[in-house]
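Every chain is numbered from 1, with letters handed out A, B, ... down the list of sequences.
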Amino acid sequence: MTASPPRLRFAPSPTGFLHVGGARTALFNWLLARRTGGTFLLRVEDTDKSRSTDESTRAIFEGLQWLGLDWDETVVFQGANLERHRADAATLLTSGKAYRCFCTPDELTQRRTAAEAAGGAFSYDRRCDRLDTAEIDHRVAAGTPFVLRFRVPNGETAWHDLVHERISFPNKDIDDFVILRSDATPIYNHAVVSDDIAMGITIVMRGDDHISNTPKQILLYEALGAPLPQFAHLPMIHGTDGKKLSKRHGATAVGDYQHLGILAPAMVNFLALMGWSPGGDFEEVMTIDRLVHAFKGDGLLRKASVFDPKKLEWMNGQHLAKMPIADVEALVAPLFEKAGLATVAQLSARRDWFHHLLEQLRVRSRLVDEIVTQAAPYFADAVTYDPDAVAKQWKDPGAVLALMTGVRESLESLESHASWDPLLLEEMMRTLAESKGVGAGKLLQPLRIALVGVSASPGIFDVMLILGRDGTIARVAAAERRLREMMASA
RNA sequence: GGCCCCAUCGUCUAUCGGUUAGGACGACACCCUUUCAAGGUGUAGAGACGGGUUCGAUUCCCGUUGGGGCUACCA
């Protein structure tokens with residue numbers, strides 16, 4: 001670690017949504033910055049005008065904001081630094097670290113395909129570096145287009161990676177790469193280094209697909225006389241088939257998961273455990289604060305990990321069950337309104353009731369939306385009877401009718417709403433079942449269908465509490481009518 | 001093809017040379033029980049292969065195999 005607080009950055013290119021891999025990279029940078037009291041910066045790498053869109057930039061910002069990954073200072077747009085990129089390239093040219101190359105793209109591809117056809121690997125042969133000064137001046141004066149290439153020195157380039165220990169490349173394997181295009185715009189590696197130097201970045205933490213860029217960037221730092229940052233190359237995240245995560249694997253954008261009903265803290269928790277481990281035995285379900293505390297920059301893994309949506313869902317269920325109920329309300333009330341169940345205002349008007357309902361449903365849900373789905377029966381005017389449930393639990397309409405009538409009469413005998421108590425109701429129903437000569441289950445299961453229409457629900461006495469005395473009695477009565485219809489049509 | 005990175009249950013991982021190789025997700029079974037969840041308990045399930053080094057390798061070294069990344073006037 002550096003002595004002074006580190007400066008880290010996340011540098012996405014705005015060519016699409018915020019990918020889970022990118023989100024994980026951003027998260028690790030953010031965690032380390034927050035843990036160490038460092039700075040977390042955001043830089044949008046929009047130098048490729050043809051692929052960058054404002055829409056993508058917005059989507060990335062939204063994704064980061066949703067996850068709660070706030071950045072310090074103002075966002076840097078790489079495209080705005082064009083003049084510095086050119087100036088740095090010019091410095092390299094005048095100091096002899098770079099040279100003009102007049103080879104055209106067509107010539108280059110031709111030579112490349114020729115080399116490949118011959119079974120060899122193409123590498124730039126430095127022919128333009130051998131041009132004499134007069135020739136160069138002549139071509140420049142004639143307006144011949146040229147790019148700037150970096151002259152890779154002999155030797156070896158190595159660094160101590162924070163996750164991989166030592167990594168080294170023989171310089172002979174590094175081409176004299178282009179740093180400035182013929183239209184005088186910078187190539188990635190050059191822009192990155194120029195910006196990272198200008199932004200004072202001290203730790204470059206990114207995906208390990210950048211490992212092979214690193215020696216080029218180190219060479220650039222050295223040529224520019226700038227101090228080297230530390231590098232940390234995080235493993236990739238793969239799909240279930242072991243291949244790099246792509247659209248083929250379904251949802252890959254963090255926004256997709258948001259819309260699927262995943263909670264941001266669960267997503268963060270899950271992502272944090274991909275490619276990092278606090279070590280030893282530890283509780284996997286962690287709050288963001290806890291993650292910040294535990295994330296010390298060590299425990300970074302080297303192996304690519306497979307994104308497991310099942311575990312994400314489990315993680316989400318854990319967070320859903322543990323978060324403050326008021327937070328669940330805030331999150332879910334708008335969804336209830338959208339689903340046409342009730343307005344946010346209506347829900348907050350009977351907050352205690354709503355909270356009780358949410359307590360009952362959240363433990364049975366893994367995704368936020370499942371709460372809404374499960375809540376539908378408690379808002380409908382009439383119960384929708386699920387055919388399968390009816391077929392199973394109301395097999396004998398006559399017998400069920402007798403039971404339901406008994407239930408209704410018992411409930412009606414409870415005059416006071418104050419006596420509408422789960423324990424009391426349970427005692428009453430069990431007594432009733434006994435007097436009817438059936439087991440409790442034989443009474444309660446058909447009753448569940450009467451009350452909510454489906455065979456899965458919270459405990460039946462909690463359901464009765466949620467429905468209230470009148471609501472419960474009305475539904476039992478409705479069930480009795482339905483059962484008579486079934487008998488009549490049978 | 002060249003260069004680089006990686007390699008423990010199906011998946012995420014623990015292990016700082018000596019362990020019955022531990023935990024989590026998922027799967028299965030059981031318990032709880034009015035259903036569904038949640039929760040509890042348990043079962044199955046891993047060191048890719050071959051050489052070294054060592055009294056002793058999952059652990060250190062080399063090779064093989066496999067997977068991945070890069071190899072642009074993309075980022």
Side-chain angles (χ1 to χ4, degrees), chain A residues 11-15 45-48 50-52 78 101 103-105 108-109 112 115-116 119-123 145-149 161 164 167-170 172-175 177-183 185-189 191-192 207-215 233 235-236 238 240 242-244 270 273-285 301-308 310-315 317-318 321 360-366 370 374 389 393 426 429-430 433 439-449 452 454-461 463:
Chain A
S13 52
T15 54
E45 309 215 319
D46 54 354
T47 52
D48 184 348
S50 60
R51 294 202 303 159
S52 303
Q78 193 162 59
C101 171
C103 300
T104 66
L108 258 11
T109 26
R112 184 171 295 115
E116 281 163 10
F122 172 80
S123 67
F146 61 85
V147 301
L148 251 33
R149 280 186 189 273
D161 197 273
H164 293 270
I167 299 180
S168 65
F169 286 79
K172 66 174 173 55
D173 292 327
I174 307 170
D175 250 17
F177 55 95
V178 174
I179 58 175
L180 206 65
R181 297 185 183 93
S182 52
D183 67 356
T185 58
I187 282 297
Y188 174 73
N189 286 120
V192 164
D208 67 16
D209 49 339
H210 286 285
I211 285 180
S212 50
N213 284 321
T214 306
H233 288 96
M236 302 277 89
H238 289 166
T240 325
K243 296 261 162 55
K244 191 174 176 178
F270 182 71
L273 263 16
M274 304 229 77
W276 171 72
S277 168
D281 281 335
F282 63 98
E283 173 56 54
E284 293 192 32
V285 182
L301 279 354
R302 290 173 291 277
K303 195 181 75 165
S305 46
V306 174
F307 190 89
D308 180 5
K310 276 280 197 297
K311 186 155 184 176
L312 206 212
E313 285 188 18
W314 166 79
M315 184 74 80
Q318 295 294 311
Q360 292 300 321
L361 300 184
R362 68 159 159 179
V363 69
R364 273 163 254 269
S365 306
R366 290 197 153 191
E370 288 170 4
Q374 289 188 74
Q393 303 298 345
E426 177 162 7
M429 289 301 109
R430 288 190 185 282
K442 288 285 181 207
L443 172 68
L444 268 18
Q445 279 302 91
L447 177 57
R448 187 185 313 280
I449 308 306
V452 294
V454 292
S455 53
S457 84
I460 196 73
F461 307 109
V463 169

Protein N or O to nucleotides 6-10 of chain B N or O, pairs below 3.5 Å:
from	atom 1	to	atom 2	distance (Å)
B:C6	OP1	A:His164	ND1	3.2
B:U8	OP2	A:Lys303	NZ	2.4

Q. Say you pick atom P in B:U20 and the same atom in B:A27; how far apart are they, in whole Å?
A. 31 Å
Q. Does B:G10 pair with anything, Watson-Crick or G-U wobble, both distances under 3.5 Å, and if so, with which nucleotide?
A. B:C25
Q: Check the distance between B:C4's C1' and A:Phe169's CZ and give it to me in whole angstrom.
A: 4 Å
**Q.** Pairwise P distance for B:U13 and B:A72, with rounding to whole Å
**A.** 31 Å
Q) Across the strands shown, which category fits A:Gly280 at heavy-atom distances under 4.0 angstrom: base, sugar-phosphate, nothing? A) sugar-phosphate
Q) Rounded to the Å, how far apart are A:Leu443 CG and B:U35 P? A) 13 Å
Q) Taking atom C1' of B:U15 as reference, at what distance in whole Å does atom CG of A:Asp281 sit? A) 10 Å
Q) Shortest non-hydrogen contact from A:Glu370 to A:Arg366? A) OE1-N, 2.7 Å
Q | By salt bridge (charged side-chain N to carboxylate O under 4.0 Å, His left out) - contacts of A:Arg112 (at least two apart) | A | none
Q: Could you please name the option among B:C3, B:U13, B:U34 that lies closest to any side-chain atom of A:Pro170?
A: B:C3
(Q) Tell me the interatomic distance from A:Glu283, atom CD, to B:G23, atom P, rounded to whole angstroms. (A) 15 Å
Q: For nucleotides B:A29 and B:C61, find the distance between their C1' atoms and express it as a whole number of Å.
A: 45 Å
Q) Under 4.0 angstrom, heavy atoms only, what part of the nucleic acid is A:Pro458 near: base, sugar-phosphate, or nothing? A) base
Q: Would you please name every residue forming a ring-ring contact (aromatic ring centres under 6.0 Å, His included) with A:Phe270, sequence neighbours left out?
A: A:Phe307
Q. Can you name the residues that form a salt bridge (charged side-chain N to carboxylate O under 4.0 Å, His left out) with A:Glu426, not counting sequence neighbours?
A. A:Arg430
Q. Listed by chain and number, what are the salt bridge (charged side-chain N to carboxylate O under 4.0 Å, His left out) partners of A:Glu45, not counting sequence neighbours?
A. A:Arg43
Q | Sequence-distant partners of A:Tyr188, ring-ring contact (aromatic ring centres under 6.0 Å, His included), two or more places apart | A | A:His210
Q: For B:C74 and B:A38, measure between their C1' atoms and round to the nearest Å.
A: 49 Å
Q.
So does A:Thr15 get a backbone contact from the side chain of A:Ser13, meaning a donor-acceptor N/O pair under 3.5 Å?
A. no
Q | Comparing A:Gly459 and A:Leu273 on RNA chain B - which has the more 5′ nearest nucleotide | A | A:Leu273
Q: Describe the nucleic acid contact of A:Met315 in one word from base, sugar-phosphate, nothing, applying a heavy-atom distance below 4.0 Å.
A: nothing
Q. In whole Å, what separates the P atom of B:G42 from that of B:C25?
A. 13 Å
Q.
Please give the distance between the C1' atoms of B:C70 and B:C62 as a whole number of Å.
A. 25 Å
**Q.** Spacing of A:Glu313 atom CD relative to B:C12 atom C1', expressed in whole Å
**A.** 16 Å
Q.
Between A:Phe307 and A:Lys310, which residue's closest nucleotide on RNA chain B lies nearer the 5′ terminus?
A. A:Phe307
Q | Contacts of A:Asp308 that satisfy side-chain hydrogen bond (donor to acceptor under 3.5 Å, both in side chains) - sequence neighbours left out | A | none
Q: Could you walk me through whether A:Gln445 and A:Ser455 pass the side-chain hydrogen bond (donor to acceptor under 3.5 Å, both in side chains) test, one step at a time?
A: CA-CA 7 Å; A:Gln445 279 302 91; A:Ser455 53; over 6 Å; no
Q) Which whole-number value in Å describes the distance from A:Lys172 NZ to B:G2 C1'? A) 9 Å
(Q) Main chain of A:Ile179, side chain of A:Asn189: is a donor-acceptor contact present, judged purely on distance under 3.5 Å? (A) no
**Q.** Mate of B:C55 where both pairing distances stay under 3.5 Å, Watson-Crick or G-U
**A.** B:G18
(Q) When the C1' atoms of B:G52 and B:A57 are compared, how many Å lie between them, rounded to an integer? (A) 12 Å
Q: Only counting residues at least two apart or in another chain, list the ones meeting salt bridge (charged side-chain N to carboxylate O under 4.0 Å, His left out) with A:Arg364.
A: none
**Q.** Any strand: nucleotide that pairs with B:U34 via Watson-Crick or wobble, under 3.5 Å
**A.** none
Q) Reckon A:Ser455 touches a base, only the sugar-phosphate, or nothing at all at heavy-atom distances under 4.0 Å? A) base
Q) Counting any heavy atom closer than 4.0 Å, what does A:Leu301 reach on the DNA or RNA strands: base, sugar-phosphate only, or nothing? A) sugar-phosphate
Got a list of protein N/O to nucleotides 38-41 of chain B N/O distances below 3.5 Å?
from	atom 1	to	atom 2	distance (Å)
B:G39	OP1	A:Gln318	NE2	3.2

Q: For A:Ser457, answer base if it contacts any base atom (sugar-phosphate contacts may also be present), sugar-phosphate if it contacts only those atoms, and nothing otherwise; contact means non-hydrogen atoms under 4.0 Å.
A: base
Q: Sequence neighbours left out, what passes ring-ring contact (aromatic ring centres under 6.0 Å, His included) with A:Phe177? Give chain and number order.
A: A:Phe150
Q.
Any strand counts, and the cut-off is 3.5 Å on both contacts for Watson-Crick or G-U wobble. Which nucleotide pairs with B:G45?
A. none
**Q.** Where protein sits on nucleotides 70-75 of chain B, one letter per nucleotide: B base, S sugar-phosphate only, - none, heavy atoms under 4.0 Å
**A.** S-SBBB
Q. Closest to the A:Ile167 side chain: B:C4, B:C12, B:U33?
A. B:C4
**Q.** Distance, rounded to the nearest Å, where A:Ile460 contributes CD1 and B:U33 contributes P
**A.** 17 Å
Q: Using modelled atom types only, decide if a donor and an acceptor are shared between the side chain of A:Thr109 and the backbone of A:Pro105 within a distance under 3.5 Å.
A: yes
Q) Rounded to whole angstroms, how far apart are NZ on A:Lys311 and P on B:C12? A) 10 Å
Q.
For A:Phe146, give me all partners under ring-ring contact (aromatic ring centres under 6.0 Å, His included), at least two apart in sequence or on another chain.
A. A:Phe102
Q. How far, in whole Å, is B:A21 from B:C36 if one measures between their C1' atoms?
A. 37 Å
Q. Partner of B:C74 by Watson-Crick or G-U wobble geometry, both contacts under 3.5 Å, or none?
A. none
